[in-house]
Amino acid sequence: MSAADAVAQNQNELSLQLSSGERADVTLSLAYSPALCRSASECTQPAGCPALGIGDAAHVSRLAARLSKKELSSQATILFRGQPVATLDLSHHGSVAQAMTGAKH
């Protein structure tokens with residue numbers, strides 16, 4: 001089993017660590033599908049690239065408001081079983097970026 005398969009099967013062990021060191025109170029999920037790849041024709045992953053879903057609209061909105069107010073850096077770390085596996089810029093993630101746009105108005 002690949003590391004990606006292990007993470008996908010144990011999504012409840014994913015968490016998001018914010019720049020402040022706290023864990024975000026959001027729901028994380030991974031989906032694999034060639035349709036989710038940004039460069040599907042060039043994707044080397046047989047099941048497609050993983051796409052991270054960040055959910056729970058109310059919590060995402062609160063997180064976006066904190067980012068908009070510059071209370072947090074947009075850099076965050078995805079943890080699996082408490083260990084860092086990837087970093088991301090929350091201001092470019094679909095659901096958070098959309099909520100940030102709404103928070104500015």
Original post:
Roughly how far apart are Asp89 CG and Ser74 OG, rounded to 0.5 Å?
Top reply: 3.5 Å
**OP:** Please identify each residue that fulfils side-chain hydrogen bond (donor to acceptor under 3.5 Å, both in side chains) with Thr77, with sequence neighbours left out.
**Re:** none
Subject >> Between CD on residue Gln17 and CZ on residue Arg23, distance to nearest 0.5 Å >> reply: 5.5 Å
Original post:
Is Leu18 close to Leu63 at the side-chain level, that is, under 4.5 Å between some pair of heavy atoms?
Top reply: yes
Subject >> From OG (Ser15) to CD (Gln83), nearest 0.5 Å >> reply: 10.5 Å
Original post:
Quick check: does any side chain N or O of His59 sit under 3.5 Å from a backbone N or O of Val26, one acting as donor and the other as acceptor?
Top reply: no
Original post:
Hey, any chance Leu28 and Leu79 share a hydrophobic cluster, counting ILVMFWY side chains that come within less than 4.5 Å of each other, even indirectly?
Top reply: no
**OP:** Compute whether any side-chain donor of one residue and acceptor of the other, for Asp56 and Thr27, lie under 3.5 angstrom apart.
**Re:** no
Original post:
Who pairs with Ser29 by side-chain hydrogen bond (donor to acceptor under 3.5 Å, both in side chains), at least two apart in sequence or on another chain?
Top reply: none
**OP:** Begin from the C-alpha positions of Leu16 and Leu88 and carry the test side chain to side chain contact (heavy atoms under 4.5 Å, CB included) through to its verdict.
**Re:** CA-CA 10 Å; Leu16 186 65; Leu88 72 146; 3.8 Å; yes
**OP:** Check whether any side-chain N or O of His93 sits under 3.5 Å from a backbone N or O of Leu52 as a donor-acceptor pair, and report yes or no.
**Re:** yes
Subject >> Which residues share a side chain to side chain contact (heavy atoms under 4.5 Å, CB included) with Ser73, sequence neighbours left out >> reply: Ser19, Gln75
Subject >> Minimum heavy-atom distance Ala99-Ser61, with the two atoms named >> reply: CB-CA, 4.2 Å
Original post:
What salt bridge (charged side-chain N to carboxylate O under 4.0 Å, His left out) pairs are there with at least one residue in residues 57-70, not counting sequence neighbours?
Top reply: Glu22-Arg66, Arg66-Glu71
